[in-house]
Amino acid sequence: MALIAPSILSANFLNLERDIEMINASEADWFHIDVMDGRFVPNITFGMPVIAAMKKKAKKPFDVHLMIVEPEHYFEAFAKAGADILTVHIETSTHLHRSMQAIKALGMKAGVAVNPHTPVSLLADVVTEVDVVCLMSVNPGFGGQKFIANTHQKIRDLKKIITERGASTLIEIDGGVTLDNIEQLISDGADVLVAGNTVFSSPDPTDTIKRLKSAGK
Ligand code: DX5
Ligand code: ZN
């Protein structure tokens, strides 16, 4: 069954507690939390203090997606703030294998995110060390963008690499996931679906999460 990770980027920041409790009570599996630095991506979001505050109310794992340069300087700080899964971009990581080890040594699951232009073949020699590969299906930086269709092929290619290497890595899709494309994504091989706009712009977010979840059953 596929996992659903609502993206806090699209939550109401004046009512974060309310939105966290909505996710707690819903069928969602993880909180997806986007950290942006205004350098790796053309947007700035929030950092450790906000994540630590959210952690006091949240009852599901924190999937923290770092869209920041030199992420390795902050692994420990994000572990302390409450990250359960910590994801770095392959495009920011000269020593990706070392970063995976460092994240896991801090007790977190280790993730790698891949921009739309980056081939998944780059992951072949490290995939056995990676808990989650986050395939970006939009250019990172903003919620509510249009899904990039080439992602379908990337999922299938990545699945093949994971199988060939005997890894148990999860494939996560981030950006433009909707009720219309989720079933195809799951049949391509996606294990985790991030959804920001689809959940939070809907009239009934709890019901939308339920419908996303039932697509994966
Ligand atoms: C984009 C972020 C995504 C974003 C997805 O840079 O990494 O997690 O919140 O939002 P939607 O689902 O609205 O495309
Ligand atoms: Zn994200």
Side-chain angles (χ1 to χ4, degrees), residues 2-13 16 19-20 22-23 26 28-47 50-51 54 60-69 71 74 78 83-93 108-118 130-152 154-155 170-186 190-203 205 208-209 211-213 215-216:
L3 305 179
I4 303 299
S7 176
I8 289 301
L9 184 61
S10 295
N12 182 333
F13 292 166
L16 259 187
D19 284 351
I20 289 165
M22 181 279 291
I23 293 172
S26 77
D29 297 280
W30 296 351
F31 287 82
H32 185 82
I33 300 172
D34 290 307
V35 177
M36 305 186 190
D37 66 353
R39 294 188 63 209
F40 179 63
V41 288
N43 196 7
I44 300 175
T45 53
F46 42 70
V50 174
I51 295 173
M54 287 174 48
K60 296 178 181 182
F62 274 15
D63 171 33
V64 176
H65 176 191
L66 297 181
M67 284 158 274
I68 66 176
V69 297
Y74 302 100
F78 282 106
D84 296 286
I85 301 136
L86 193 63
T87 295
V88 298
H89 266 264
I90 191 168
E91 299 84 5
T92 64
S93 303
M108 299 176 284
K109 301 266 189 213
V112 180
V114 174
N115 274 342
H117 76 277
T118 302
V130 180
D131 295 304
V132 182
V133 172
C134 178
L135 290 183
M136 293 309 303
S137 38
V138 296
N139 286 297
F142 304 93
Q145 301 182 81
K146 189 174 175 293
F147 181 85
I148 296 172
N150 179 52
T151 312
H152 291 296
K154 283 181 92 167
I155 299 171
L170 298 178
I171 301 178
E172 177 175 44
I173 308 303
D174 189 7
V177 173
T178 66
L179 285 162
D180 293 327
N181 62 18
I182 187 167
E183 289 197 19
Q184 181 62 49
L185 293 167
I186 292 167
D191 303 293
V192 187
L193 291 308
V194 175
N197 189 58
T198 292
V199 167
F200 287 101
S201 297
S202 73
T208 301
I209 291 169
R211 290 167 66 197
L212 288 166
K213 189 73 189 169

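Along the sequence shown, residues carry numbers from 1. Note that ligands are numbered from 1 as they come in the structure, with each ligand's atoms numbered from 1 the same way.
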Exercise for review: Kindly indicate, with the supporting measurements, whether the criterion side chain to side chain contact (heavy atoms under 4.5 Å, CB included) is fulfilled by F62 and M54.
Suggested key: CA-CA 10 Å; F62 274 15; M54 287 174 48; 3.8 Å; yes
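Here the closest non-hydrogen pair linking L179 and T198 is N-CG2, 4.3 Å. Here the closest heavy-atom approach between residue W30 and residue P6 is recorded as O-CD, 3.1 Å.
The local environment of CD in E183 is sparse, with at most 12 non-hydrogen atoms from other residues, nucleotides or ligands closer than 6.0 Å.
Rounded to 10°, the angle that NE2 of H32 and OD1 of D34 form at the Zn ion (ligand 2) is 90°.
Checked by atom type and distance alone, the side chain of T45 pairs as donor or acceptor with a backbone atom of M36 at under 3.5 Å.
With 3.5 Å as the limit, one finds no donor-acceptor pair spanning the side chains of S137 and D174.
Taking the six-membered ring where tryptophan is involved, the planes of F40 and H89 are tilted, since the angle between them lies from 30° to 60°.
Looking at K109 and D63, no side-chain N of the basic residue comes within less than 4.0 Å of a carboxylate O on the acidic one, giving no salt bridge.
Taking backbone and side-chain atoms together, C134 has no N/O/S atom less than 2.8 Å away from the Zn ion (ligand 2).
Its N, O or S atom nearest to the Zn ion (ligand 2) is what matters here, and for D174 that atom is OD2. Note on H65: its N/O/S atom closest to the Zn ion (ligand 2) is ND1.
Each of S7, L9, H32, D34, M36, H65, M67, M136, P140, G141, F142, G143, G144, D174, G175, G176, V194, A195, G196, N197 has a non-hydrogen atom positioned under 4.0 Å from some atom of ligand 1.
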